[in-house]
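Worksheet: one structure, shown below.
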Amino acid sequence: MSTSSDHEVSVKEEIDNVFMGKPHVLLLGAGASKAALPSRDKNGKPVPILRELATELNIFKYFPDDLVELSKSDFESAYSQLFNRGKSKSLDEVDNIVSNYFSNLELPEETNLYDLLHLCLREKDVIATFNWDPFLMQSRIRLCKLGVTKFPKLFFLHGNVRVGYCSKDKVSGLVGVRCKTCGSFFQPSKLLYPVENKNYQDGDFIQREWKAIRYFLKGCFMLTIFGYSAPKTDHEAIKLLKEGWGDVEERNMEQTDIINRPGSDHETLRQTWDNFIHTHHYDIYDSFYESFLAKHPRRSGEAYWNQYYEAKFISDNPVPTYITDLRKLVDWFKPLLDVEKNKQ
Ligand SMILES: [Zn+2]
């Protein structure tokens with residue numbers, strides 16, 4: 001590795017030196033979609049949070065009389081109770097409306113945080129999301145059209161409206177597209193609702209996603225948790241993530257970064273994620289743009305190595321916040337992408 005000084009790494013040096021093989025794992029919750037689309041989607045449709053779903057989508061009327069009020073104040077609890085009553089017309093209706101609504105949400109034309117998330121990570125890296133919305137897939141499709149060919153791996157921990165699965169060949173693909181092997185259409189993935197006992201061992205798509213995330217968590221050098229507050233209804237999810245991450249005492253230099261909304265209580269967040277934090281190896285940010293990932297796009301692993309193992313002073317190469325044209329954003333990443341191409 002060539003460096004101008006033994007103790008410093010310039011931006012150019014960070015861009016030019018690609019050597020990290022371990023994955024960076026980015027875990028996304030509803031807060032990430034809220035940060036990406038703080039008010040509405042391309043067509044003016046609100047991006048609702050789960051708690052407000054029943055009023056936002058007007059579906060409280062499909063709940064049985066005794067659950068209508070609860071559904072308005074706490075959709076998650078009301079749904080949980082409805083679900084526990086077994087299969088019903090109400091349950092089907094709520095499922096269909098929610099699924100249709102999320103399917104039709106669209107990213108605005110201009111560059112979006114989701115585009116940045118894709119561009120900041122490399123193929124060895126992983127994005128695992130709890131979100132059903134189609135933004136991650138829409139961003140990937142439009143970046144593909146602009147010539148981006150290398151993407152981080154994606155896993156959908158609670159299912160996704162755009163992602164389907166072929167159970168026979170164990171491959172996933174876009175809903176509405178045919179499986180290349182058997183020719184049948186990918187079946188929409190089941191959306192996992194906020195019920196206490198989610199079925200993560202479905203022997204199908206969801207189980208495969210969880211197996212993958214546990215595998216990558218074991219080997220990652222950094223875990224970034226963005227907009228996921230680990231709600232109590234997700235205790236099973238946290239347990240599985242923890243299984244992947246392992247015992248904090250056995251991790252040694254791994255770093256945990258937490259990105260939450262501005263003004264959130266950092267001490268509470270630290271406590272929430274205590275089982276994922278090795279001693280002082282963590283940072284909490286109020287915005288994605290302040291995070292390690294956004295300051296060392298596509299080189300988070302190299303920057304991490306230089307800073308924590310080599311104890312060097314590293315320069316920041318922050319992602320641009322002023323570019324609204326997607327093509328120009330891809331151009332900004334070109335020097336990084338070119339170095340990676342020449343490495344192969
Ligand atoms: Zn197939």
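The structure presented is a predicted model; accordingly, all values stated were derived computationally and were not measured. Read the numbers this way: they start at 1 and go in the same order the structure lists the ligands and their atoms. We're numbering straight along the sequence, starting at 1.
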Carboxylate-amine/guanidinium contact [X] [Y], below 4.0 Å:
X      : Y      : answer
Arg208 : Asp204 : no
Arg299 : Glu340 : yes
Glu243 : Lys239 : no

Item checked: Charged tip of Lys45 within 45° of Tyr101 ring normal and under 6.0 Å ->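 Output yes; distance and angle both within limits.
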Show me the donor-acceptor pairs, under 3.5 Å and distance only, between side chains in residues 216-226 and residues at least two apart or in other chains.
from   : atom 1 : to    : atom 2 : distance (Å)
Thr224 : OG1    : His24 : NE2    : 2.8

Margin query: For a distance under 2.8 Å, give residue and atom name for each protein N, O or S atom next to the Zn ion (ligand 1).
Written below: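 Hits for the Zn ion (ligand 1) below 2.8 Å: Cys166 SG, Asp169 OD2, Cys179 SG, Cys182 SG.
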Next item on the list: Check the hydrophobic clustering (I, L, V, M, F, W, Y; side-chain heavy atoms under 4.5 Å; chains of links allowed) and say if Tyr285 and Phe288 are grouped together.
Entry: yes
